[in-house]
Amino acid sequence: MSITKPNSESQVSSQSDPRISQGPDTDRDVVVASQASAEDAILAFRRAKAEKVRARGENPFANDVGKGSSGAVLDIGKARARAEGGKVEGKYVEEHVRAATGAEAVSVRGRVIALRSSGGLTFLRLRDRTGEIQLLVSQSTMGEGYARLDDLDVGDIVEAEGLLTASKRGELSVEPTSLRLVTKAFRPLPEKWHGLTDVETRYRQRYVDLIANPAVTDVFRARSLIVRATRSILDDADFLEVETPTMHTLIGGAVAKPFNTHHNALDMNLFMRIAPELYLKRLVVGGLERVYEIGRCYRNEGISTRHNPEFTMLEFYQAYATYDDLMDFTEVLLRGVDARLKAAMPEAHAAWHKGRAYTIDEPFARVPMDLAVARGAVKTEIPAWAQAVTDGGGVGLLTLLQGDFGGSMKEWSKASPRAKAIDWSNFRKGVMKCDNDGERLFALYEYLCEPFLIEDYRSKDGSHSIPVFVKDYPFETSPLARKNDANPALVDRFELFVNGRELCNAFSELNDPEDQAARFRAQVDKKAKGDDETMDYDEDYIRALEHGMPPAAGFGMGMDRLTMLLTNAQSIRDVILFPLLRPHSP
RNA sequence: GGGUUGAUAGCUCAGUCGGUAGAGCUGCGGACUUUUAAUCCGUAGGUCGCGGGUUCGAGUCCCGCUCAACCCA
C-alpha cells in the first residue's frame with residue numbers, strides 16, 4: 001500500500017537524477033529537483049537508484065536471498081561467533097580471524113545503518129536481528145562490482161559474501177567479493193548522531209523508532225521474555241492457560257468504564273472486557289482448579305503515563321489457596337521473571353537494574369491497611385490524630401474525620417513536612433464523598449499512605465524502596481473478595497506496590513453465592529444512584545457459584561506495568577509498541 | 001475535563017527589540033584504500049503545526065483550533 005502523496009513526486013522521480021536523464025533537458029531536470037522539498041528530493045534520488053538497478057535487469061526488491069551463494073549463509077551473530085578466536089587483546093587481527101574461520105566465505109544480509117567511503121575503500125555497518133557487523137568493501141577485492149556501491153544508501157537491505165577479516169583498527173569485518181542490493185529504502189533514516197527523539201514520531205512511526213533506537217528494541221525483547229517467563233513459571237506450577245471472551249454482555253470483574261460495541265447479526269450490544277475474572281472463576285467451578293489467562297483488556301478511561309485504553313493483564317486463580325499463599329507466590333514470580341530476564345539479556349538487564357530505585361531482593365513488606373493508616377496518621381505529627389490513633393488505631397481516625405474537617409485543615413497541614421505534603425483539598429473531597437467507614441478507611445489510605453510508600457518502606461541499608469503488600473481492604477471497596485473470617489468488615493485482599501506504583505491486585509475469592517448476589521445488588525444500587533463505574537448483576541455467575549466453587553485465591557497483574565518496572569520505563573507507551581494516539585496525518 | 005510546556009528543513013536544534021529564514025547531520029556533485037558522528041571542497045533543501053487578527057512589516061505580539069509531552073482530576 002502506497003503512502004506517497006499524489007503530487008509532484010512521480011514526475012520528479014523519473015527526471016530529477018541527471019545521470020539517468022536522457023535528451024537535452026538537463027537544466028529543466030535540475031530545476032525540478034530544486035523545486036522539490038528536501039524529503040521529495042531524497043525520495044526521488046532513491047527511486048532513481050532503484051530504477052537504475054531495475055534497468056540492469058536486477059530487482060531492487062529481490063526475494064532470492066542466499067540463492068547462488070557459495071559461502072555459508074549466516075545470521076550476523078553466527079558469523080561473529082565463527083571469528084570468536086580471532087581476537088587478540090580485545091581486538092580482531094586479520095590472520096587470527098582467518099585461522100579461526102578456516103578462511104571460509106560467509107554470506108550475511110541486513111540493513112545498512114552506516115556507510116562511510118574513503119575512495120577505493122568503503123565501510124558499511126550491517127545489522128540484522130542477531131547483531132551488527134562491518135563490511136569492508138575494497139575496490140581491489142570487488143573489482144568492477146565496486147561500482148555497485150553507487151546503488152546503496154543508508155537504510156537499504158543488502159546481501160554480502162566474502163571472507164571474515166579484521167580492519168586495521170581491529171574491528172571484525174566481512175570483506176565482500178560480492179555485494180548486492182536486496183531491498184531499496186526510499187526514505188532516509190533519522191540523523192545518525194541524535195537519532196529520532198521526538199516522542200510523537202517515535203510512537204506514530206514505531207518502525208523508524210525501532211531502527212533508530214536499539215534500546216527500544218531491547219525493551220520489547222524484554223517484554224516478550226517477561227511474558228514468556230511468567231507463562232513458564234505458571235505452567236511449571238501446574239496452571240492451565242485458557243482464553244476467555246473479550247466481548248462481554250455484562251460489565252464485571254473490575255471497577256472501570258467499558259468500551260461498547262455491537263454485534264450486527266445478533267443485534268446485540270457488547271462490552272469489550274475490562275477483566276477476565278468472572279469467566280476464569282467459572283472455570284474453577286468447572287474443575288480447572290488452576291487457570292490463568294494473559295490477555296488484552298480494555299478500559300474506557302483517561303490516558304496517562306500509566307494508562308493505555310488497551311493493556312495486557314495476567315489473571316490466575318488457584319483453588320484451595322488463600323491470599324496469604326499468593327503473597328508468597330508473588331514474590332517467587334517476580335524474582336523468577338527478573339532472574340530469567342537477567343539470564344537472557346545480561347547487559348541490558350544490568351543497566352536497568354542499576355537504574356532501579358527499588359529492590360526485589362529482600363522480603364516484601366506486608367501491612368494491613370488500617371495499620372498503614374494508623375502509621376501514616378502518626379507520621380503527620382498532628383496531635384489530634386495521634387490521640388485518635390492511640391485510642392482506636394487506624395479505625396480511630398475515622399470518627400475524627402467523619403464530618404467536614406475543612407476548618408481544621410489549615411492548622412493540621414502545618415504540623416510537619418509530611419502533613420504539608422498531603423493533598424488536602426482532594427483528600428477532603430474524597431473523604432466527604434464516602435458513604436461508609438470502609439470507603440473512608442480506603443480514602444485515608446489513598447491520601448495518607450499511598451503517596452509515601454516509597455519513603456516508608458526501605459531496604460535494610462535504606463538505599464532502595466521495597467515492594468509493599470497492602471492487605472485487608474474494607475469489604476465495601478471489593479465486591480468480589482471474600483470477607484475476613486475474624487473481621488467481616490474487611491476482605492482478604494492485597495495490592496502490591498512496587499516503587500510506589502500499583503502492580504498487583506489479589507484476594508481470596510468470595511464463593512458464597514448469596515453473599516455474592518447481595519454484593520451485586522449493592523453494585524446495581526450504586527449504578528442507580530448515578531455511579532458509572534459499577535458492575536452488573538451477573539445471574540449466570542451466581543448460578544455457577546451455586547454449583548460450588550472450591551475456596552480459591554485469584555491474582556491480577558498488568559504485564560505492561562511489570563515491563564515498565566523491570567525496564568525502568570517512565571511511560572506505559574514505552575512498553576506498548578503501538579500506543580493509542582489521536583489520528584494525525586503525517 | 002483543568003493547568004503548564006512545546007510544534008521552525010528528512011532528523012537534531014538556533015532564531016536577539018517585530019525588519020530579507022540559520023547551523024549541524026542527511027541529500028546531491030567532487031577528492032580520498034582502514035573508517036567508527038570519518039575528513040575536506042562545493043551545492044541543494046522552508047506552507048516557521050493550522051486559521052484569523054494587530055501592524056507599513058509577524059517565525060516573533062494577540063485570539064481561536066489541532067497534535068503531543070508533563071502535572072492535576
Side-chain angles (χ1 to χ4, degrees), chain A residues 5 7 9 12 16-21 26 29-49 91-94 112-127 132-143 146 149-150 152-155 165-173 175 185-205 208-209 211-213 301-307 423-430 433 446-447 451 533 570-574 579-586:
Chain A
K5 285 173 267 174
N7 52 22
E9 285 175 7
V12 173
S16 58
D17 185 343
R19 292 169 304 172
I20 61 160
S21 68
T26 314
D29 296 336
V30 170
V31 170
V32 170
S34 68
Q35 277 170 350
S37 73
E39 183 177 27
D40 290 341
I42 290 169
L43 287 164
F45 277 117
R46 291 187 170 208
R47 287 204 177 96
K49 287 184 188 178
K91 292 193 170 181
Y92 288 92
V93 176
E94 184 176 345
V112 177
I113 56 167
L115 193 158
R116 288 179 288 273
S117 174
S118 62
L121 195 63
T122 299
F123 301 90
L124 287 82
R125 178 149 283 268
L126 213 62
R127 180 197 288 161
E132 296 178 5
I133 200 164
Q134 177 166 273
L135 301 184
L136 196 161
V137 189
S138 143
Q139 192 161 33
S140 49
T141 308
M142 288 280 289
Y146 193 73
L149 283 168
D150 293 342
L152 298 184
D153 292 293
V154 173
T165 184
S167 74
K168 281 191 178 158
R169 296 287 178 88
E171 178 155 350
L172 182 63
S173 310
E175 187 171 355
F186 288 157
R187 288 183 180 273
L189 289 176
E191 194 226 345
K192 59 193 167 192
W193 184 238
H194 298 94
L196 181 69
T197 59
D198 180 78
V199 284
E200 189 174 349
T201 312
R202 287 188 42 225
Y203 296 151
R204 288 189 194 280
Q205 301 178 28
V208 179
D209 189 28
I211 297 168
N213 300 314
E301 295 166 353
I303 293 178
S304 79
T305 46
R306 292 175 298 281
H307 300 88
D423 181 355
W424 285 96
S425 67
N426 284 320
F427 174 43
R428 178 181 168 216
K429 265 188 256 171
K433 218 167 52 184
E446 263 190 303
Y447 289 94
E533 290 192 354
Q570 295 308 302
S571 169
I572 197 168
R573 292 173 164 193
D574 292 327
L580 185 69
L581 298 173
R582 282 196 158 85
H584 182 52
S585 47

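Residue numbering restarts at 1 for every chain, and letters A, B, ... go by the order of the sequence lines.
Nucleotides B/U8 and B/G59 are separated by 15 Å at their P atoms, to the nearest Å. Straight-line distance between the P atoms of B/C62 and B/G24: roughly 32 Å, to the nearest whole Å. Going from the P atom of B/C41 to that of B/G46 covers 24 Å, rounded to whole Å. Between B/U34 and B/U16, the two P atoms lie 45 Å apart (nearest whole Å). Taking the P atom of each, B/U4 and B/C13 are spaced 24 Å apart, rounded to whole Å.
Taking for each of A/S140 and A/S117 the nucleotide of RNA chain B with the nearest heavy atom, the 5'-most of the two is the partner of A/S140. Take the nearest nucleotide of RNA chain B for A/V154 and for A/G120: the residue whose nucleotide is more 5' is A/V154.
You'll find that the side chain of A/K168 is closest to B/U34, out of B/C67, B/G24, B/U34.
A donor-acceptor pair is defined here as one N or O able to donate and one able to accept, closer than 3.5 Å; such a pair exists between the side chain of A/N213 and the backbone of A/L196. Looking only at distances, no side-chain donor or acceptor of A/R47 sits under 3.5 Å from a matching main-chain atom of A/F186.
For the residue pair A/S173 / A/Y92, no side-chain donor-acceptor distance below 3.5 Å is found, with atom types taken as modelled. Between the side chains of A/Y203 and A/D198, no donor N or O sits under 3.5 Å from an acceptor N or O.
Taking atom CZ of residue A/R204 and atom P of nucleotide B/C11, one finds them 14 Å apart after rounding to whole Å.
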